[in-house]
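Structure record follows, encoded as structure tokens.
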Amino acid sequence: MRLRFAPSPTGSLHVGSARTAIMNQLVSVANNGTLILRIEDTDVSRSTEESTNAILSTLKWLGVSYGEGPFFQSSREKLYSKYIKKLISEGKAYCCFCTQEELEEMRTKQLHKHISTGYDGRCSKLSQEEVAEKISQNLPYVVRLKIPPEKLMFNDLIKGIVEFDGKLLHDIIILRSNGSPTYNLAVVVDDHEMNISHVIRGEDHVSNTPKQIAIYNALGLEAPIFAHIPLIIGADRSKLSKRHCDTAIEDYQKKGFLPEALVNYFSLLGYSHDANNEIMTLENIAKTFSFSSISKSPSMFDLKKLTWMNNQYIRMLSDKELYDKAKSFCKDIPLEEKKIKKILLLSKDQLKVLSDIKEICAPFCSYKIDWDQKKVVKLLKKERILDFLKEFIEKLEILQDFSLNSLEILFDTQLGLDSIKKRDAAQIIRFASTGKLISPPLFDTLYLLGQQEIIIRMNQFLQEVPCQEKMY
RNA sequence: GGCGCCAUAGAACAGCGGUUAGUUCGGGGGGCUCUCAAUCCCCAGACAGGAGUUCAACUCUCCUUGGCGCUACCA
């Protein structure tokens, strides 16, 4: 089995393209096939080298590996023109000199008549002399393929038999007036030259398929097997766009999603899987892969589920792996490396994405705490809660050996003297010393902040509370 | 306008002619825990509509409706 992934370098790798790439990888692994990477850059005006590099590095990061390539269509133009010349000489394609205005007029008329829009084939009636004459006049022209008025069908591995009527297809352009081949022509030539057996691509290509089959037919070549995977859609069921969420895989990389989670999520999205165990490697999914398990309807991108899955993968990381992967997200944190590492490991389970580490470290960095008292309205209503805090601070001030252990003993002792719930006691201390209701385990947090610092913070907190208290 | 594809809870999937229509994420509630997370328990929530076929239809057929894709000298 020979497969290909063929992105066009007009931007960074999009979520939808990534899914296609992952599906190709999945099928390739499942069938011991070869995946070929081909950069579809026939449109010079939109393709950039920067995009190519971005796509290549993102694919690498994702772990999508290809056995051959990358090949660039822009460097294969001679090949395409060979095929185009063949089609012209056999009378299966012809030069078209119609202007933009003519084409537009044609279209409006068709729209008016409520019939399908497209070229009416008028230039195919030009005689050889007329064509030669126009060319000698240096008139710009494109080359169009004659599409015979017959049924064009293919058996899609996902959709089943799909049939189109050639009569409604119209003669498509295969060579632009600037001399470059169009997508449909280049795809057919390359898929044939590269011996591609299975074309797995997005559903947006379904309507291109009959056009490509027409080219295969004209060339006397056998078309590969097609599998069109349904598109990924946004929360409002429309095509996924920046309106909905980040659409570039790079964005997810920057936020601290793990490639394994992304690969897992996208290979199971729109795939009939065992819902009881969704955490699977691509290799495991490949073991039971079948095209019939791919859903026929589009799938909605669910960031919450991806995030959940990412957390699952983060907690599976070893301490060392976690630190290595999180390192790049810790650069801007004004703390010593050792401390960050400590906090990171303490909060491993609660990281949804690696970049969360910044927020978790915040209370350990800033000396200016903003106590948003709205968060503790309920807590402050608990009886003797502030007394407990005051007493805790007093004891803390005279504590000789500040350690994890002594802190805990001090806390428990004070708790024994007061009739306060442990959770309330812990929360008021947590809030007073960090300004947050969420933090790594309390005693670790206090210990890391240091005796002096927590005393200062908690006292500051107490100074701010009383005036606020009257509000409630 | 034309052509094509699709249709089970908010989301992703099960169900393949007879089920109290199931699982996972999400939502709500609760237990446990110093918080969050994790985990455990509980709750809400779906077969788009209409005709057929059949003893029986979420499941098969057709129609309608709705959604999406394509309709470029983009890919």
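Letters A, B, ... mirror the listed sequences (proteins, then strands); counts begin at 1. Computed from a predicted model, the values in this text were never measured in an experiment.
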Point to revise | Centroid-centroid under 6.0 Å between A:His205 and A:Tyr183 rings | key: yes
Exercise for review: Assign A:Gly270 to base, sugar-phosphate, or nothing according to its heavy-atom contacts below 4.0 angstrom with the strands shown.
Suggested key: sugar-phosphate
Point to revise | Donor + acceptor pair across side chains of A:Arg76, A:Thr42 (<3.5 Å) | key: no
Exercise for review: Map every base of RNA chain B to its dot-bracket character, where paired means a Watson-Crick or G-U wobble contact with both distances under 3.5 Å and | marks a partner outside the strand.
Suggested key: (((((((..((((....[...)))).(((((.......)))))....(((((..]....))))))))))))....
**Study point:** Euclidean distance for C1', B:G4 against B:U8 (whole angstrom)
**Key:** 24 Å
Practice item. Rounded to whole angstrom, note down the P distance from B:C42 over to B:C60. Key: 33 Å
**Study point:** Interatomic distance where CG belongs to A:Asn277 and C1' belongs to B:U24 [whole Å]
**Key:** 10 Å
Review point. If you measure from the P atom in B:G26 to the same atom in B:U53, how many Å do you get, rounded?
Key: 46 Å
Point to revise | Of residues 151-161 of chain A, the positions that come close to RNA chain B - non-hydrogen atoms, cut-off under 4.0 Å | key: A:Lys159
Practice item. Could you list the residues that satisfy ring-ring contact (aromatic ring centres under 6.0 Å, His included) with A:Tyr83, not counting sequence neighbours? Key: none
Review point. Base, sugar-phosphate, or nothing: which does A:His205 touch, judged by heavy atoms less than 4.0 Å apart?
Key: base
**Study point:** Nearest-Å distance once atom P is located in both B:G27 and B:G10
**Key:** 15 Å
Point to revise | Whole-angstrom distance between B:A7 and B:G49, as gauged at atom P | key: 15 Å
**Study point:** Between B:G45 and B:A21 - C1' atom distance, rounded Å
**Key:** 13 Å
Review point. With rounding to whole Å, what would you report as the distance between B:U19 and B:A46 at their C1' atoms?
Key: 15 Å
Enumerate, atom names and distances included, each donor-acceptor pair closer than 3.5 Å involving a side-chain atom of residues 139-150 of chain A, sequence neighbours excluded.
{"from": "A:Arg144", "atom 1": "NH1", "to": "A:Asp171", "atom 2": "O", "distance (Å)": "2.8"}
{"from": "A:Lys146", "atom 1": "NZ", "to": "A:Gly91", "atom 2": "O", "distance (Å)": "3.2"}

Check your understanding: If we take the P atom in both B:G50 and B:A38, what is their distance in whole Å?
Key -> 41 Å
Revision key, fill the gap. Quick tally for nucleotides 32-50 of chain B: nucleotides whose base has a protein heavy atom under 4.0 Å get B, sugar-phosphate-only ones S, the rest -, giving -BBBBSS------------
Practice item. Among the candidates B:U71, B:A14, B:C73, find the nucleotide nearest to the side-chain atoms of A:Val142. Key: B:C73
Please report, to 0.1 Å, the donor-acceptor pairs under 3.5 Å made by any side chain of residues 349-358 of chain A, with sequence neighbours excluded.
{"from": "A:Ser355", "atom 1": "OG", "to": "A:Lys255", "atom 2": "O", "distance (Å)": "2.7"}
{"from": "A:Asp356", "atom 1": "OD2", "to": "A:Lys352", "atom 2": "N", "distance (Å)": "2.9"}
{"from": "A:Asp356", "atom 1": "OD2", "to": "A:Val353", "atom 2": "N", "distance (Å)": "3.2"}

